[in-house]
Amino acid sequence: MNHQDNAIKGVLKQQLIVDSESGPYKTIQEAIDKAEPNTVIKIAAGLYSSNILINKPGLRLEPKDKNGDIIIVVSSKPTILVDLQKDERCTLIGLKMSHSGTSEEVEELEKLIEGQEIAKHLFGGHEDGAAGIESNPDEEFVNKVPIDTGMNCVVLLNGGKLFMEDCLIALNFIVKSFKGILPGIAINNGAEALFIRCEIKGTSSKNQDAKTIGILLRLGDLIIKDSKVHNHTYGGILIQQAITNKSVRIMNSKIIQNKKVGIHVVGADAIPQIELCRIENNEGPGIKVGIGNKAKIFGNEIKTNIVGIEVLSADPQIFNNKIDKNFTDGILTKVFEQLRCDGKIKSNQTISGNKENGIHCTGQNNYTRIESNTFIGYNKKAGIKADTESRISIFKNKISKNLGQGVLLVETSSAVIEKNEITDNIKANIALGGANSVDTFIVENKILGGRCEGIFLIECGKCWIFRNTIAENNDGIVCITAVPVIKLNNIQKNKSNGIMILKDSRPEIIENNINDNDGIGLFIRDKSHGKIQNNVIKSNEIELVVERRNPSLESIVQENKVSGDIRIPQNYDCTIQ
């Protein structure tokens with residue numbers, strides 16, 4: 001007889017009944033102690049207050065009757081400790097479990113992490129350039145919470161496999177005097193868990209000082225489906241994963257109203273999956289991705305968190321989500337100590353209505369790629385912002401109706417901006433500039449309908465603006481003390497001017513069609529000079545204006561076709577057809 005036959009024989013052989021009033025077993029642990037492997041233990045409704053140790057394979061704990069609640073509450077150590085061998089499994093169905101937290105004899109975490117400001121230092125801030133977690137990612141909170149068999153928690157999976165279905169874990173009864181951190185579920189190294197239709201509930205409004213975590217995973221495997229993790233003060237789901245772990249997946253679940261963070265994943269090269277979830281109202285990032293992690297985040301609704309998704313020198317795939325109405329940035333990608341950030345933000349349905357930027361990329365070696373997103377719009381600041389030496393790519397997106405700029409590149413940042421539709425933004429559709437801002441390419445975009453400029457350049461170095469359609473903005477291109485190459489663009493039907501060259505700019509303006517603008521086609525003033533060659537300038541209110549004599553322009557305005565009103569200084573020597 002093989003192992004499978006033994007398992008079937010075990011299930012058929014034994015079924016035990018637990019009833020705190022009439023027996024035959026009065027406590028759950030008594031039944032477990034008497035059970036053989038693969039036994040079904042049916043539990044009558046009632047309140048049970050003893051710790052439970054499951055150390056036999058194949059046990060299944062489930063309700064005896066359809067009506068009534070099975071409630072298990074203890075005051076110290078794990079409510080249920082599962083300690084099995086690697087390939088052994090147990091099952092919990094339809095149980096309600098809790099912990100009162102009245103025992104304070106185990107305070108190892110408080111000794112390990114001193115002071116009451118630990119969350120502030122370990123989770124970090126969310127302001128631009130804020131210190132905190134970035135100062136030492138090895139101190140990530142998920143790495144610091146010790147897991148041992150004597151810890152206070154509701155379910156501790158120390159070894160083996162746990163399947164849990166239709167269970168409730170409630171931590172809203174913790175006494176106010178309890179000072180430790182209390183996870184709902186803790187999963188230790190090498191263990192495997194599957195949770196279906198479970199609820200892991202944190203503290204009530206009357207006990208906000210209690211430090212609870214929904215699920216704490218330390219180098220194990222975890223699948224969560226159709227579940228809810230909410231109202232935890234120290235985070236909803238904290239995951240430390242290694243590439244050797246087989247699977248970490250969170251699916252079709254609600255992660256809501258947690259403090260610090262909704263879901264936090266750490267572990268270089270690990271690939272946790274977060275899919276089809278609602279991640280809302282968390283007082284921190286909805287999802288936080290730690291250094292080197294390659295999380296796959298797709299099909300989620302991520303809204304009304306402090307930050308929708310925060311990425312720290314990681315390489316996640318953020319696809320097909322709705323990331324809306326978060327209280328700062330929809331997505332924030334940033335760099336720790338120049339470690340590369342290579343996040344891919346692709347094909348998301350909406351990144352909209354966020355109270356700061358839709359997407360914000362910051363830090364040297366930030367190479368975030370933003371591609372084919374359907375709608376980046378209605379954000380209170382920029383649709384996409386890059387700063388502090390980030391080098392991002394923006395490809396085939398629709399960026400529209402943001403209250404700031406469509407794309408904003410500042411303070412040494414640069415981008416390749418290609419084949420996007422950037423339209424109807426309240427400030428410039430594209431704005432770039434600042435100290436040492438160089439090497440931006442703006443190629444084959446539709447830049448339309450901006451309330452201000454189509455493209456606004458200020459105090460920036462070399463950039464290339466090629467083959468764009470720049471139309472129906474207030475001004476097409478405004479260049480202030482900048483050095484762009486503007487070539488082969490259609491600059492037309494703007495409500496004011498086509499191109500304005502101001503202050504001490506040094507552009508190359510070559511082979512553009514500048515036509516049908518309501519003001520001046522090409523306007524050059526101040527100390528600006530550069531190469532103005534082979535442009536077609538026609539059907540504007542005024543075709544060309546050079547505001548004052550600038551000798552440096554005399555020999556470089558060459559072979560342009562200008563068909564209407566020209567206003568240049570008297571005796572200006574330039575070649576215009």
Side-chain angles (χ1 to χ4, degrees), residues 126 128 236-237 250-258 261-265 272-289 293-312 314-334 341-362 366 368-386 392-408 420-422 425:
H126 307 292
D128 291 357
I237 303 175
I250 305 170
M251 300 176 288
N252 294 295
S253 294
K254 299 176 182 178
I255 317 299
I256 60 177
Q257 294 181 324
N258 301 286
V261 66
I263 302 172
H264 190 181
V265 292
Q273 297 185 33
I274 304 168
E275 54 188 294
L276 302 174
C277 293
R278 281 179 52 195
I279 302 169
E280 301 176 3
N281 297 311
N282 296 287
E283 296 182 32
I287 300 172
K288 189 162 190 172
V289 184
N293 196 269
K294 296 182 177 181
K296 293 183 177 180
I297 302 168
F298 54 94
N300 303 283
E301 293 186 19
I302 303 169
K303 65 182 183 181
T304 57
N305 307 283
I306 298 300
V307 182
I309 301 174
E310 184 174 326
V311 178
L312 179 63
D315 187 14
Q317 297 183 35
I318 303 171
F319 291 0
N320 195 35
N321 302 280
K322 295 180 179 179
I323 305 170
D324 303 330
K325 298 180 181 178
N326 296 285
F327 292 110
T328 56
D329 298 317
I331 302 174
L332 172 62
T333 71
K334 53 187 180 180
C341 185
D342 287 293
K344 298 175 184 65
I345 303 169
K346 184 175 180 180
S347 301
N348 292 284
Q349 298 178 49
T350 56
I351 303 172
S352 70
N354 299 288
K355 291 190 176 180
E356 293 191 5
N357 307 288
I359 301 170
H360 182 187
C361 306
T362 184
N366 190 329
T368 299
R369 182 173 177 85
I370 304 164
E371 180 179 345
S372 301
N373 295 285
T374 302
F375 183 67
I376 303 173
Y378 292 117
N379 298 289
K380 295 294 178 66
K381 293 187 178 179
I384 300 171
K385 178 182 178 181
I392 67 174
S393 62
I394 304 169
F395 182 67
K396 286 188 175 180
N397 303 280
K398 293 183 178 179
I399 305 165
S400 181
K401 299 180 180 178
N402 296 283
L403 299 186
Q405 298 83 359
V407 177
L408 175 62
N420 302 279
E421 295 182 19
I422 307 173
N425 296 285

Locate the shortest heavy-atom distance separating [X] from [Y]; write the atom from each residue and the value.
{"X": "Ile306", "Y": "Thr328", "result": "O-OG1, 2.5 Å"}
{"X": "Arg369", "Y": "Ser393", "result": "CG-OG, 3.2 Å"}
{"X": "Ala382", "Y": "Leu408", "result": "CB-CB, 4.0 Å"}
{"X": "Lys355", "Y": "Lys380", "result": "O-CB, 3.1 Å"}
{"X": "Asn425", "Y": "Gly404", "result": "CB-O, 3.8 Å"}

Heavy-atom donor-acceptor pair, [X] side chain to [Y] backbone, under 3.5 Å:
{"X": "Asn420", "Y": "Lys398", "answer": "no"}
{"X": "Asn354", "Y": "Asn379", "answer": "no"}
{"X": "Asn397", "Y": "Ile399", "answer": "no"}

Applying salt bridge (Lys or Arg N to Asp or Glu O under 4.0 Å), can you list everything that pairs with [X], at least two apart in sequence or on another chain?
{"X": "Asp324", "value": "none"}
{"X": "Glu275", "value": "Arg249"}
{"X": "Lys325", "value": "none"}

Would you sort out whether Ile394 and Ile422 count as a side chain to side chain contact (heavy atoms under 4.5 Å, CB included), showing the intermediate values? CA-CA 11 Å; Ile394 304 169; Ile422 307 173; 5.9 Å; no
Any side-chain heavy atom of [X] sitting closer than 4.5 Å to one from [Y]?
{"X": "Thr368", "Y": "Cys341", "value": "yes"}
{"X": "Asn305", "Y": "Phe327", "value": "no"}
{"X": "Cys361", "Y": "Ile370", "value": "yes"}
{"X": "Thr333", "Y": "Ile392", "value": "no"}
{"X": "Val289", "Y": "Ile297", "value": "yes"}

Test ring pair (Phe, Tyr, Trp, His ring centres under 6.0 Å) applied to Phe375 - qualifying residues, sequence neighbours left out: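 Expected list: Tyr378.
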Using the ring pair (Phe, Tyr, Trp, His ring centres under 6.0 Å) criterion, which residues pair with Phe319? Sequence neighbours excluded. none
Which residues pass the side-chain hydrogen bond (donor to acceptor under 3.5 Å, both in side chains) test with [X], not counting sequence neighbours?
{"X": "Gln273", "result": "none"}
{"X": "Glu280", "result": "Arg278"}
{"X": "Asn357", "result": "Asp329"}
{"X": "Asn258", "result": "Asn282"}

What distance do [X] atom [atom1] and [Y] atom [atom2] have between them, rounded to the nearest 0.5 Å?
{"X": "Lys303", "Y": "Ile256", "atom1": "NZ", "atom2": "CD1", "value": "10.5 Å"}
{"X": "Lys288", "Y": "Asn293", "atom1": "NZ", "atom2": "CG", "value": "13.0 Å"}
{"X": "Lys334", "Y": "Glu310", "atom1": "NZ", "atom2": "CD", "value": "4.0 Å"}
{"X": "Ile279", "Y": "Ile309", "atom1": "CD1", "atom2": "CD1", "value": "7.5 Å"}
{"X": "Ile302", "Y": "Ile263", "atom1": "CD1", "atom2": "CD1", "value": "8.0 Å"}
{"X": "His264", "Y": "Leu312", "atom1": "NE2", "atom2": "CG", "value": "8.0 Å"}

Taking side-chain contact (heavy atoms from CB on, under 4.5 Å) as the test, write out the residues that go with [X], two or more places apart.
{"X": "Asn348", "result": "Ile318, Asn321, Ile323, Ile345, Ile351, Asn373"}
{"X": "Leu276", "result": "Asn252"}
{"X": "Asp315", "result": "Lys294, Asp342, Lys344"}

Can you check side chain to side chain contact (heavy atoms under 4.5 Å, CB included) on Lys385 and Gln405, steps first, answer last? CA-CA 8 Å; Lys385 178 182 178 181; Gln405 298 83 359; over 6 Å; no
